[in-house]
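Some notes on the structure that comes next.
Chain naming here is simple, since letters A, B, ... match the order of the sequence lines and numbering starts at 1 in each. Values reported hereafter were calculated over all heavy atoms of this structure, with side chains retained and with hydrogens, waters and symmetry mates removed. What you see is a predicted model, and the numbers here were worked out from it, not measured in a lab.
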Amino acid sequence: MYLLDKLNEKQREAASYGKGPILVVAGAGTGKTRVLTHRIAYLIETGKAMPWEILAITFTNKAANEMKERIAELIDYSIDRMWIGTFHSVCVRILRKNIGRIGYDSNFVIYDTNDQKILIKDCIKELNLDSKKYNINAIRGMISGEKNRRISPDKYISEHFGEFYKRNVGEIYALYEKKLKIANALDFDDLLLKALKILETEEEVRKLYQDRFKYILVDEYQDTNLIQYMLVKILGQKPDGGDNVFVVGDEDQSIYGWRGANINNILNFEKDFPGAKVVKLEKNYRSTNIILNAANGVIKNNCQRKGKNLYTDSKGGNLIRIFEMDNEKDEAFTVAALMRKERRENNIEYSDIAVLYRTNVQSRALEEGLMREGIPYKIVGGLKFYERKEIKDIMAYLMLVYNQKDNISFNRIVNVPRRKIGLKTIGIIEDHANETEVSKFEACYDASELNLTAAASKNISDFVSMIEMLMIKKDVMPVSEFIREVYETTGYESMLFSDDTVEGRSRVENIEEFLSAAKDFEERYEENSLEDFLAHVSLLSDVDRTDETQKNTVTLMTVHSAKGLEFDTVFITGLEDGIFPIIHQDDLNDDDLEEERRLFYVAITRAKRMLYITYANDRMRFGNHEMKIKSRFLKEIPDECIEENQPDTFAAKKIEKLEKGKHFYGKRHPFVKNSFFKGEDDIKHERPRLKSDVIRPGDKVMHKAWGIGTVVQIKGEGNSKSVLIAFENKGVKNLILEYAPIEKI
DNA sequence: CTTTGCATTATTTTT
DNA sequence: TAATGCAAAG
């Protein structure tokens, strides 16, 4: 069939497989997305399924969108009614329709990690427990873990009744669940759990979806957890008794064990789904032979794997260059210098370059280095737009208007902007809410009967009427307009406008950006109600959130975020023992080490052509200098793939210069040169020069000495290109483009 | 009721 | 280092 012509034999075998369970073991870069999209297209084109009879589950929304686009190119049918999304978004869809059956209202809200923590904190306080001994993050993790093992609070308490600490954790867990229920809210785990529960207990619903989804496809199967496995299992069951699931994954890329993902889901697939077919894709189309050999050399040290060896037709490739650096600032500088070199010598666009690291904190030093060096970059997951206060506040308004039981959102905004509703007023409301077992907003209706001052009572009722007005408006306005309405009528806008600081202004800008994101959402999706928007925003992953409009910038991200992506040139930074592999508290068990190794394997296999690895001898952590030794993983890369380097001459010269120079900064350790880039003058003349193609007559430029000017004319070619610039008050100057300290503005 | 300042503590990875 | 929390003062 022509559709499958472009696939290799193995890929075709997988894509055209008939009914029954099948596992496609797809190594990195072996074309698994291709197989998935072609299989879906194949099922539709051959009449085996209609678009709405297909359910495809991806790891991120971005992956889902890309898959939709690719499928749309392959087939003539409309894909609108095809379900493609993450486990979480698919479950939300199921829940909106059916959650009434298990005692929730269909207008539930989704609580993110941050909301969870607030809730847990409230629980600890309410139970009069010592907040020092009960660590919120740890407890959040424990609750999530128990939920995913389907252990109820009661069960947990009875299992640990003799253990004081754990019993109390159980009490926190119980209260946490109760509070969620009162708020008609679900956390991330609940989205999957409640959907599963409905499918298990409601036969009608189960039959409906089992019937509807004739074919189920799951990507990144190695990162599914117990609940996700059960969802796949139950949805995949067909009337004829067979399981109809098509899963794609790679045990060597299982990197979410800490989140409950179970590598055994993929390792035991054939046991779990009797009669399963297994197809292995081992031919790699992404990386050079050298990079593949390095990756194979590393991953073969793992035991938890079925074993496979990636190969490629392409021969050779560039050696992997490994750099030993003094500290993280040098590391950043060297990365920047090498990037510029790649661009200059190999014509590599910045957008084809990625810098990967193990932990998010490492991005800071890199960011500073790139900024100083004038290399455009974007950070995935770094500064979280949707976690900024102003965005969370507006979101809280939206959530409260949507679901008046949402106590977390209520707390967030009752008094923002100031409405003279203080802690004691809220306390009284809260007590009343607890007594009568209603939400705080609902408790506000009784404000006049409570022991409040007249003023407080009035303030509360004004607040209530404002929210009620918005509740009416939400149904008659498009989301983006409605959000603006909220922004204005709640007084949030005037609050921001009255703040004249830089911070205040950037908040206004952020809100504007948020509004345009809402507008964009409204135009892009057909299901674009407030409800859809709220779910959409809650379920965005870091990769989904990154600004795609910024072109030609390098990308900085964690290795986790890089899963599924590829770049021409990749830098893996911080290859130090204790950082990568990360060691938490002195212990690193074998399972953890294997996961770290898989993570390193994922990092290596992101690179298509060129791979750089760096490590620093001294890294600043918690404001202290720490001595580091190079990662044990580096020894696992076969020698013949590596070229060990000192920083290249460009950087080395610079370091030398600074060493004997006067730039010794740092308050606590004056003897360590830790502010490498503070030497402004040294940097300035090595800044990237303006490329002639980015500057045109009419452009405004900033010159270091002469200030702002306008480009009049560009003369000459190549290196000798010169530019005529008219400066304000300084006359017209002729400058050699290559050396001129000018920046476009 | 709000703001300020000092002290403490946290860093894996994220839907 | 930077973010958060708590106490004290305005």
Side-chain angles (χ1 to χ4, degrees), chain A residues 57-64 85-92 110-114 116-118 121 125 131-132 135-138 140-141 144 148 186-193 220 223-225 227-228 254-261 328 356-365 368 380-382 384 386-387 389 415-416 418-426 455-456 459 535-545 557-563 574 578-585 588 592 595-596 598-600 602-603 619-626 666-668 674-675:
Chain A
I57 294 170
T58 57
F59 200 72
T60 62
N61 293 297
K62 187 180 171 213
T86 61
F87 272 106
H88 295 267
S89 66
V90 165
C91 286
V92 168
I110 301 165
Y111 278 179
D112 66 14
T113 310
N114 198 36
Q116 285 182 294
K117 287 198 214 162
I118 295 171
K121 202 197 285 170
K125 210 161 159 195
S131 60
K132 296 242 159 59
N135 175 286
I136 292 175
N137 279 317
R140 198 205 66 81
S144 173
N148 281 305
L186 302 184
D187 62 23
F188 286 137
D189 299 322
D190 283 337
L191 296 177
L192 308 183
L193 283 160
E220 308 283 10
D223 285 319
T224 52
N225 64 21
I227 308 300
Q228 291 166 338
S254 169
I255 55 175
Y256 283 91
W258 52 273
R259 198 169 86 185
E328 75 274 7
L356 309 182
Y357 35 80
R358 179 65 241 272
T359 63
N360 276 310
V361 267
Q362 292 167 255
S363 69
R364 175 157 278 115
E368 278 170 21
V380 174
K384 301 198 172 156
Y386 289 91
E387 278 174 23
K389 185 180 180 331
N415 203 30
V416 182
R418 302 265 146 76
R419 299 191 175 87
K420 305 225 167 110
I421 303 176
L423 253 40
K424 66 170 193 286
T425 310
I426 295 169
N459 292 335
H536 176 80
V537 172
S538 302
L539 299 177
L540 288 179
S541 72
D542 282 341
V543 178
D544 299 330
R545 284 170 217 219
M557 63 187 145
T558 62
V559 182
H560 282 91
S561 290
K563 186 169 86 156
I579 299 283
F580 202 164
I582 201 158
I583 297 169
H584 201 197
Q585 40 207 356
L588 181 73
D592 290 345
E595 182 152 317
E596 291 294 312
R598 290 194 290 269
L599 202 50
F600 186 44
V602 168
R619 187 172 293 274
M620 189 80 108
R621 257 180 110 214
F622 307 131
N624 298 321
H625 288 279
E626 283 184 15
K667 288 166 215 145
R668 291 191 202 173
N674 69 346
S675 267

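- Atom NE2 of A/His625 and atom P of C/dT1 are 9 Å apart (whole Å).
- The listed nucleotides are B/dC1, B/dT15, B/dT13; the one nearest the side chain of A/Trp258 is B/dT13.
- Backbone-only contact: A/Lys424 has heavy atoms under 4.0 Å from sugar-phosphate atoms and none from a base.
- When each of A/Ile582, A/Val559, A/Leu356 is paired with A/Leu599, the side-chain contact (heavy atoms from CB on, under 4.5 Å) condition holds for A/Val559 and for no other.
- Listed nucleotides B/dT14, B/dC1, B/dT15 differ in distance to A/Thr558; the shortest reach to its side chain belongs to B/dT14.
- As rounded to whole Å, 11 Å separates atom P of B/dT11 from atom CZ of A/Arg140.
- Contact between the side-chain N/O atoms of A/Lys121 and the OP1/OP2 oxygens of C/dG5 is found at a separation under 4.0 Å.
- Ranking B/dT2, B/dT15, B/dT11 by closeness to the A/Arg418 side chain, first place goes to B/dT2.
- Here the side chain of A/Arg364 is nearest to one of B/dC1, B/dT14, C/dA2, namely C/dA2.
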Q: For salt bridge (charged side-chain N to carboxylate O under 4.0 Å, His left out), just list the numbers for A/Arg364 and A/Glu328, CA-CA rounded to whole Å, side-chain angles, deciding distance to a tenth of an Å, and then say yes or no.
A: CA-CA 10 Å; A/Arg364 175 157 278 115; A/Glu328 75 274 7; over 6 Å; no

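- Using the six-membered ring where Trp is involved, A/His560 and A/Tyr256 have ring planes that are perpendicular, over 60° apart on the 30 and 60° scheme.
- In this structure, A/Thr113 reaches the bases: a heavy-atom distance under 4.0 Å links it to at least one base atom across the strands shown.
- Contact annotation for A/Asp189: no contact, since no heavy-atom pair falls under 4.0 Å across all strands.
- For the pair A/Arg259 CZ and B/dT13 P, the computed distance is 13 Å after rounding to whole Å.
- Applying the 4.0 Å criterion to OP1 and OP2 of B/dT9, one finds that A/Asn135 has every side-chain N and O outside that range.
- Between the P atoms of C/dT4 and B/dT13, the separation comes to 15 Å (whole Å).
- The backbone N or O of A/Phe87 lies less than 3.5 Å from no partner atom in the side chain of A/Gln228, so there is not a single donor-acceptor pair.
- Listed by chain and number, the residues in a ring pair (Phe, Tyr, Trp, His ring centres under 6.0 Å) with A/Phe580 are A/Phe600 (sequence neighbours excluded).
- A/Leu599 has its CG atom 14 Å from the P atom of B/dT12, to the nearest Å.
- Look at CZ on A/Arg598: it is 18 Å from P on B/dT13, rounded to the nearest Å.
- In this structure, A/Tyr357 atom OH and B/dT13 atom C1' are separated by 12 Å, rounded to whole Å.
- Under 4.0 angstrom from either OP1 or OP2 of B/dT12 there lies no side-chain N or O belonging to A/Asn137.
- Mapping A/Arg621 and A/Leu539 onto DNA chain B via the closest heavy atom, the residue that lands nearer the 5' end is A/Arg621.
- Residue A/Lys389 places its NZ atom among more than 12 non-hydrogen atoms of other residues, nucleotides or ligands, all under 6.0 Å distant.
- With rounding to whole Å, A/Asn360 atom CG is found 15 Å from C/dA2 atom P.
- When each of A/Gly422 and A/Glu595 is assigned the nucleotide of DNA chain B bearing its nearest heavy atom, the one mapping closer to the 5' terminus is A/Gly422.
- Residue A/Arg358 places its side chain closer to B/dT13 than to any other of B/dT15, B/dT13, B/dT11.
- Separating the NE2 atom of A/His560 from the C1' atom of B/dT12 is a distance of 8 Å, rounded to the nearest angstrom.
- Within the 4.0 angstrom heavy-atom criterion, no nucleotide atom of any strand lies near A/Asp187.
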